[in-house]
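The sequence lines fix the lettering, A, B, ..., with proteins before strands; numbering per chain opens at 1.
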Amino acid sequence: MKRAVPFEIFRYAAIFAALAVTLIPILWMMSMAFKPIGEWSATGAELTWWPKEPTLANFRFIFGESSSDLIVALDRTALKPILSSLLSASLGTIIAMSAGTAAAYGLSRFGAGQNLPLALTQLRLFPPMAVMIPVMIMWAFLNFTDSWWGLALIYGIVTLPFAFWLMKTFFDDMPREIEEAGLVEGCSRWRVFTRITLPMMRAPLASAALFVFILNWSDYLIALLLTTREWVTIPVYMASLSSSMTGQLYGAKAALGLIAAVPPVIMGIAIQRHLVRGLTFGALKQ
Amino acid sequence: MTMAVASENEMSAPAPKSSAPAQDERARLGFRLTLPAQILVLFISAFPLLMQAYISLTDWSPLSGTNWWNAWEMWNTFANYTDLAMDGRFWSALWRTLVVMLVCVPVEFLLGLALATLFADDFPGKKLFYSILLMPMMVVPAVAGYMFFMLFQSGGPVNDVLSGLLGFPVAIAWLSDPKLALAAVMIADIWQWTPLMFLILLAGLVGVPQDQIKAATLLGANAWQRFVTIVVPKMKTIIIIALAIRVIENFKIFDTLYIMTGGGPGVATETISVYIYKVTTQDLIWGYVAAIALAILVVLSVAAVLAMKRMAANREAAA
């Protein structure tokens, strides 16, 4: 169907407006990350949209270089929070993906665990805040508080529903003939799963893992409650940068925000095709 | 997760499908594969819920000097629940959460639907624009909160743009005005989650059969009539799913909001999650928090089960 020219003009105008609204907050943070302290404009200085004298000082500052402009010295650098985020999100992804993939296969092929779809959907429904009291007590009892492995365990559980549902839809879509051929060849069902099914599913597995990793990496609330000092994650550390005596460390926070925001955005674009499936628990495919 | 590995050797060679040993193998492997997930679910539901129920009947706090299992020493039966019924701050936080939801979700839905309609057919640049428009939902919510915290500073870009448009200097203190702070928080939520609506609704929109639309066009239906009589009915399930996801997620709203305002000024942007967080970490009355949390869990569970039954019934009726 050919559309009329006025419609095309309207379409592009509307889309460009949407693009501008989408990009301005992101670009503003990017610009802020490269601004020297004199241009932070929080203190009534003239607002500059683009850094006049771009600098990497903010990045150097959060990685420990003392700054003569800021009278503060960080008592710790951003390095360990970044490590904490990486470790906890990665191990959390491994936990969710292992348990989720196995369970999805068990349900998809053998009808085991009929209670899981409902149980896992409910798990997603609950606000994390509403189960955090027992979790905090349990984690303290297990000596898991303020550790990246403790965070990883709860991340693995929180994102298990996503891993399970994504993998279930992938397994449901997969043609059974190849697996059946493997059975005829004399492989055990376990062997078929590990030697035929999983290798075939490498690409969907990778997409699901990236999806789960983004979710883990994005957490703020759980880390805020379960870490105190040693293993705080990037968002918790970033928020703590504001409470120092000199007020908001705008540029430093923006630099850290940029570091936190870039990986998931790139990963998200890479797995765009599967986003709908993952977010709607497989109710909808693209 | 390693549990299933050990079983490899005991697995017998395949037998004809219907035979008893094959059924047995299937059941056994199915059980083992689902076991880790079952354990994790149980670990996060059964025991924590019992513990939560127990503590919610006491005045226990981590500062009370006894372990949680000795909380019966501070038994208060249902005092926490009666307190909750009278807790004005709780009810106003709940109300605020609902207001945020009732504003954000419809706005996100309408904007997402409008964008999806624009993207329904092909045009130059579609793929690139699509990728860019999805970016906000991938930004870490805490970072998005910080972005909007900066944008809404009184010397920040929002006021700068307003000054440019209006022709006189604007210095609105967005985040320290109770009404504007709530609006600012909602704008941040709409910015971040309209892309999700767009994504889901577009996926639904491209699934609407084109031949029916063409037939309607030949019969003289205009764009609006086609939209109302063909597109919307076909997308009903998808629309319900999209709305359900946003309602569920929006109810939990915390990260962006807490970074932007911390629930303030005063309690002006205090939603349920922020309220529970504050009672947990500042007032430290965990017995009371457990009661709030449990009440919310029970209400949500009942609602979820009812909604799922309803959806299942609809699906059967449709089939």
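Chain A forms more heavy-atom pairs under 4.5 Å with one residue of B/Leu133, B/Asn67, B/Leu134 than with any other, namely B/Leu133. Ranked by heavy-atom pairs shorter than 4.5 Å toward chain A, the options B/Tyr258, B/Phe149, B/Trp68, B/Tyr277 are led by B/Tyr277. Of the listed residues (A/Ser218, A/Gly106, A/Ala140, A/Pro263), the greatest number of heavy-atom pairs within a distance under 4.5 Å of chain B belongs to A/Ser218.
Heavy-atom distances place the backbone of B/Phe31, and not its side chain, under 4.5 Å from chain A. In this structure, chain A has a heavy atom under 4.5 Å from the side chain of B/Thr281, while its backbone stays farther away. For A/Ile266, no part lies near chain B; criterion is any non-hydrogen pair under 4.5 Å. With a threshold of 4.5 angstrom between heavy atoms, B/Glu249 approaches chain A through side-chain atoms but not through N, CA, C or O. Of the atoms belonging to A/Val158, not a single heavy atom falls under 4.5 Å from chain B. Neither the backbone nor the side chain of A/Thr101 has a heavy atom closer than 4.5 Å to any heavy atom of chain B. Neither the backbone nor the side chain of B/Val158 comes within contact range of chain A; no heavy atoms are under 4.5 Å apart. Heavy atoms of B/Leu300 lying under 4.5 Å from chain A belong to its backbone as well as its side chain.
Put simply, the side chain of A/Met129 does not reach to within 4.5 Å of the side chain of B/Ile296, judged on heavy atoms.
A donor-acceptor distance shorter than 3.5 angstrom exists from the side chain of B/Trp191 to the backbone of A/Val21, with no hydrogens or angles considered. Distance alone, capped at 3.5 Å, places no donor-acceptor pair between the B/Glu25 side chain and the A/Ser188 backbone.
Ring geometry for B/Phe43 against A/Trp139 counts as tilted: the plane angle lies between 30° and 60°, on a 0 to 90° scale. Ring-plane geometry between A/Phe16 and B/Phe129 is classed as perpendicular, the angle between the planes exceeding 60 degrees on a 0 to 90 degree scale with a lower cut at 30.
Enclosure of atom CE in A/Met30 is not indicated, since only 12 or fewer non-hydrogen atoms of other residues, nucleotides or ligands lie within 6.0 angstrom.
Using modelled atom types and a 3.5 Å distance limit, the side chains of A/Gln272 and B/Tyr130 yield no donor-acceptor pair.
Scanning for ring pair (Phe, Tyr, Trp, His ring centres under 6.0 Å) contacts around B/Phe251 gives an empty result, with sequence neighbours left out.
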